[in-house]
Amino acid sequence: MRPDIFSNLRLPAMAAPMFLVSGPDLVVAACKAGVVGTFPTPNARTADVLESWLEDITTRLASDESAAPWAANLVVHRSNTRLADDLALVKKYKAPLIITALGSPKEIVQEVHAYGGLVFADVNSVAFARKAAAAGVDGLVLVAAGAGGHTGQMTGFSFVPAVREFFDGPIVLGGGIMDGPGIRAAEVLGADFAYLGTRFIAAEESLASADYKHMLTEVTADDLVPTRAVTGVLANWLRPTLERAGYDVAMLEEKPNIDFTDPQSEAKRWANVWSAGQGVGAVKEVEPVAAIVRKLEAEYRIAMKT
């Protein structure tokens with residue numbers, strides 16, 4: 001069952017939060033186009049910048065009664081020293097939806113529920129899904145195999161039914177979903193929403209560099225390298241950027257320490273390495289969010305009839 005805050009959705013879809021890619025313009029454009037707009041709070045370099053982003057998002061969406069809801073993505077891993085400050089700000093601006101990632105949502109749920117917000121937990125295994133459900137989250141984001149950035153190893157075909165055995169709340173499925181039929185397929189599997197990240201990296205409104213956006217129009221899934229070497233967590237990375245950053249792709253270390261202290265620091269290897277999901281080959285051009293959503297909707301409507 002979909003909560004009332006999702007009543008304005010044009011499509012059962014979310015523009016997934018992406019490190020160093022999702023910012024206020026992408027969030028607002030997604031919400032105005034009719035899909036949930038999201039962003040990771042560490043994308044704002046400091047707490048002051050985060051507050052300005054939150055004020056900007058809430059101000060621009062306040063007068064649009066038809067807009068979809070927005071979400072803030074909190075990294076709850078212990079290496080994120082900004083978590084308390086970021087949580088205080090999303091509480092101040094009453095983010096309708098909080099998506100937790102890379103850790104337990106247990107400490108977040110009560111504080112967000114106190115102001116009327118919802119908490120969805122980003123999980124990449126059935127075991128983590130069980131733990132998040134036990135923590136009292138309102139929904140689960142299942143990051144399946146094929147996802148860009150931090151990915152899972154279980155296919156959506158198996159992941160959704162396995163979680164549905166014990167969780168009857170809203171489920172979001174991510175992992176290589178790039179088009180309208182993919183969104184519909186997520187519903188057929190038993191999910192309520194689809195999570196699309198890579199499709200929105202090349203949006204005009206994203207924070208991705210022009211070089212990153214252009215690269216996405218030229219590469220395919222064959223150019224992806226799944227590894228833990230960049231952040232300590234398994235993720236799909238674009239081979240050209242790994243090589244450009246000095247990695248020997250054939251000799252990547254597999255288990256460095258997990259560290260999310262500052263994703264924008266030049267000292268961080270992942271500040272200069274770009275990710276994408278397995279559906280990257282579907283990105284053909286750089287275009288506005290509104291145009292992307294129109295195409296997705298047209299494809300989805302056709303898929304609904306077949």
Side-chain angles (χ1 to χ4, degrees), residues 1-18 21-44 47 49-76 83-101 105-123 132-133 135-143 167 169-174 183 191-197 200 205 289-290 293:
M1 181 177 179
R2 296 170 184 169
D4 290 342
I5 69 164
F6 299 113
S7 59
N8 282 349
L9 290 188
R10 184 172 176 180
L11 282 170
M14 300 185 182
M18 296 172 283
V21 171
S22 307
D25 289 344
L26 183 57
V27 171
V28 171
C31 293
K32 287 182 175 291
V35 299
V36 178
T38 72
F39 76 102
T41 58
N43 279 5
V49 173
L50 176 58
E51 177 148 31
S52 71
W53 281 20
L54 291 167
E55 183 175 8
D56 181 29
I57 291 168
T58 53
T59 298
R60 286 200 275 169
L61 292 176
S63 60
D64 190 345
E65 295 182 354
S66 65
W70 59 279
N73 173 216
L74 293 177
V75 174
V76 294
L83 178 58
D85 292 337
D86 289 1
L87 176 59
L89 284 170
V90 298
K91 287 167 58 179
K92 177 180 177 180
Y93 286 88
K94 294 182 170 57
L97 176 63
I98 297 295
I99 301 172
T100 64
K106 186 175 181 179
E107 303 302 321
I108 305 296
V109 172
Q110 186 173 352
E111 298 205 46
V112 174
H113 284 176
Y115 71 76
L118 299 179
V119 178
F120 282 25
D122 176 318
V123 296
V137 298
D138 302 287
L140 294 170
V141 178
L142 309 186
V143 181
F167 186 74
I171 286 179
V172 187
L173 176 62
I183 296 171
D192 300 276
F193 308 99
Y195 221 34
L196 292 86
F200 289 99
E205 297 88 346
V289 167
V293 174

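Residue numbers start at 1 and run along the sequence shown.
- Across Pro96 and Ile5, no two heavy atoms sit closer than the pair O-CD1, 4.1 Å.
- The shortest non-hydrogen separation linking Val75 to Pro42 is CG2-CG, 4.1 Å.
- Ser52 contributes a side-chain N or O that, together with a main-chain N or O of Val49, makes up a donor-acceptor pair within less than 3.5 Å.
- In this structure the side chain of Val141 never reaches within 4.5 angstrom of the side chain of Phe193, judged on heavy atoms.
- Looking only at side-chain heavy atoms (C-beta outward), Leu54 and Lys92 stay at 4.5 Å or farther from each other.
- Heavy atoms only, all atoms of each residue included: Gly174 and Tyr195 are closest at CA-CB, 3.6 Å.
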*Does the pair Glu205 and Phe200 meet the rule for a side chain to side chain contact (heavy atoms under 4.5 Å, CB included), with working shown?*
CA-CA 9 Å; Glu205 297 88 346; Phe200 289 99; over 6 Å; no
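- For the pair Trp53 and Asn43, the minimum side-chain heavy-atom distance is below 4.5 Å.
- The shortest distance between side-chain heavy atoms of Pro69 and Leu9 falls below 4.5 Å.
- Residues Leu142 and Val123 have side chains in contact (heavy-atom distance under 4.5 Å, counting atoms from C-beta outward).
- At least one side-chain heavy atom of Phe6 sits less than 4.5 Å from a side-chain heavy atom of Leu97.
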*Could you walk me through whether Asp138 and Phe120 pass side chain to side chain contact (heavy atoms under 4.5 Å, CB included), step by step?*
CA-CA 6 Å; Asp138 302 287; Phe120 282 25; 4.1 Å; yes
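- Considering only heavy atoms from C-beta on, Leu196 comes within 4.5 Å of Ile183 through its side chain.
- Between Ala135 and Val109, the shortest heavy-atom contact is O-CG2, 3.7 Å.
- To the nearest 0.5 Å, atom CD1 of residue Ile108 and atom OG1 of residue Thr100 are 7.5 Å apart.
- The side-chain contact (heavy atoms from CB on, under 4.5 Å) check on Glu111 picks up Leu87, Lys91, with sequence neighbours excluded.
- With hydrogens and angles disregarded, a donor-acceptor distance shorter than 3.5 Å links the side chain of Asn8 to the backbone of Glu65.
- Rounding to the nearest 0.5 Å gives a distance of 11.0 Å between CG of Leu89 and CD of Glu55.
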Under 3.5 Å, side-chain donor or acceptor atoms of residues 22-41 against the rest of the protein: list the pairs with distances, not counting sequence neighbours.
unit_1	atom_1	unit_2	atom_2	d
Ser22	OG	Met18	N	2.9
Asp25	OD1	Arg60	NH1	3.4
Asp25	OD1	Arg60	NH2	2.8
Lys32	NZ	Asp64	OD2	3.2
Thr38	OG1	Ala15	O	2.6
Thr41	OG1	Asp86	OD2	2.9

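- Nearest heavy-atom pair across Phe167 and Ala133 is CD1-CB, 3.8 Å.
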*Under the side chain to side chain contact (heavy atoms under 4.5 Å, CB included) criterion, do Ile99 and Leu74 qualify, and how do the steps go?*
CA-CA 6 Å; Ile99 301 172; Leu74 293 177; over 6 Å; no
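- Put simply, CG on Asp85 and CG on Leu50 are 9.5 Å apart, with the number rounded to the nearest 0.5 Å.
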